[in-house]
2 protein chains.
Amino acid sequence: MDDYIKIFKALSDMTRLKIVWLLTNIDEKICVSEIVEVLGERQYNVSRHLKILKDAGMIREVKEGKWVYYYLLPINDKFGHFIQSAISVIPESAMSQEKAKCERLLDQRKHYDTK
Amino acid sequence: MDDYIKIFKALSDMTRLKIVWLLTNIDEKICVSEIVEVLGERQYNVSRHLKILKDAGMIREVKEGKWVYYYLLPINDKFGHFIQSAISVIPESAMSQEKAKCERLLDQRKHYDTK
DNA sequence: TTCTCATATGCATTATTACGCATATAAGAA
DNA sequence: TTCTTATATGCGTAATAATGCATATGAGAA
């Protein structure tokens, strides 16, 4: 039961729900500083929220040079599947500015990467 | 966004998740004193948790004499549908004692009702 | 090595939530 | 009406969680 509680708790904070929503709807890994810019939150808080999501088993990170990229963990059970589905149907209207900003950032990153 | 947070917050407490799980898996309305007995929680806390679930739009009550029965609200949107599905697949093993106790109580109630 | 950028974390403070106790409300029973 | 049972709630306290600030860690750049 505690594992389920942990997941619901992880999602019951605006910043964290936004992070998970972005990871779900952007379908790409994002690094901490990008989340900071997209959400307009402090860096140390974003780091902490990411830790909570990681402890709940929802995300994982990969290090690449100075950066730490976070991505959604693919689900392995029915419960996680339904939870991810629930998040994926949260309408974009609730997150429109954030999504636009995020897409702009990711686009910049691609241009930078290919230079 | 706040409505989604409210639902996740409502579910991120052991007592409340157990209540919702019971209402989901028993498929019958339950009154406050039955929940109190099944979960072994104090009456005033159960009442408060029920209020939080009600404010999140997950349950509703009907009054019958001295008793107040609570039941799951049928879902009207995709998000709620997935959340209810997630709860319904939480394995019975996590709630076995409670479910058994609850079934025993409901059975007693039926016998009492038909007297 | 030293500097800078990206990320994480220890510690104190504030804010939120859960709880206990007492009591209010509400309805049927006596 | 008074008594009892069922449920809800006000108020204070305890437990949890989120935040701010400073700083640590870690990696590439100079």
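A, B, ... follow the sequence lines: proteins, then strands. Residue 1 opens every chain.
For D/dT19, one of the phosphate oxygens OP1 or OP2 lies less than 4.0 angstrom from a side-chain nitrogen or oxygen of A/H49. At D/dT19, none of the side-chain N or O atoms of A/R42 fall inside 4.0 Å of OP1 or OP2 (strictly under the cut-off).
To the nearest 0.5 Å, atoms CG (B/L53) and NZ (B/K51) are separated by 11.5 Å. To the nearest 0.5 Å, the span separating CG on B/L106 from CD on B/E34 amounts to 5.5 Å.
Counting only distance, with no hydrogens or angles, the side chain of A/Q84 and the backbone of A/L73 share a donor-acceptor pair below 3.5 Å. Remark: the backbone N or O of A/M95 is not paired with any side-chain donor or acceptor of A/W21 at under 3.5 angstrom.
At the heavy-atom level, B/I52 lies under 4.0 Å from the strands shown only through sugar-phosphate atoms.
Annotation for A/I75 and A/H81: closest pair CG2-N, 3.0 Å, computed over non-hydrogen atoms.
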Between protein and nucleic acid, restricted to nucleotides 8-10 of chain D and to nitrogen or oxygen atoms under 3.5 Å apart, what atom pairs and distances do you find?
unit_1	atom_1	unit_2	atom_2	d
D/dA8	OP1	B/Y70	OH	2.6
D/dA8	OP2	B/S47	OG	2.6
D/dA8	N7	B/Q43	NE2	2.7
D/dA8	N6	B/Q43	OE1	3.2
D/dG10	O6	B/R48	NH1	2.9

Contact list (N/O, under 3.5 angstrom) for nucleotides 2-5 of chain D vs protein:
none

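Residue-environment remark: NZ (B/K6) stays at or below the threshold of 12 foreign heavy atoms within 6.0 Å. More than 12 heavy atoms of other residues, nucleotides or ligands sit less than 6.0 Å from atom CD of A/E61.
Atom pair A/L17:CG and D/dA17:C1' shows a separation of 17 Å (rounding to whole Å applied). Between the P atom of D/dA18 and the CG atom of A/D55 lies a distance of 12 Å, rounded to the nearest Å. A straight line from CZ of A/R16 to C1' of D/dA17 spans 8 Å, rounded to a whole angstrom. Taking atom CD1 of B/I30 as the reference point, atom C1' of D/dA6 lies 16 Å away to the nearest angstrom. For A/K6 and D/dA17, the NZ to C1' distance is 15 Å, given to the nearest whole Å.
First and last contacting nucleotides of DNA chain C toward chain A (any atom under 4.0 angstrom from a heavy atom, 5' to 3' order): C/dC5 to C/dC11.
The side-chain contact (heavy atoms from CB on, under 4.5 Å) test applied to B/K66 returns no partner, not counting sequence neighbours. Residues passing the ring pair (Phe, Tyr, Trp, His ring centres under 6.0 Å) test with A/F82, sequence neighbours excluded: none.
Within the structure, every pair that satisfies the side chain to side chain donor-acceptor pair (under 3.5 Å) test and touches residues 38-49 of chain A, not counting sequence neighbours, is listed here: A/R16-A/H49, A/Q43-A/S47.
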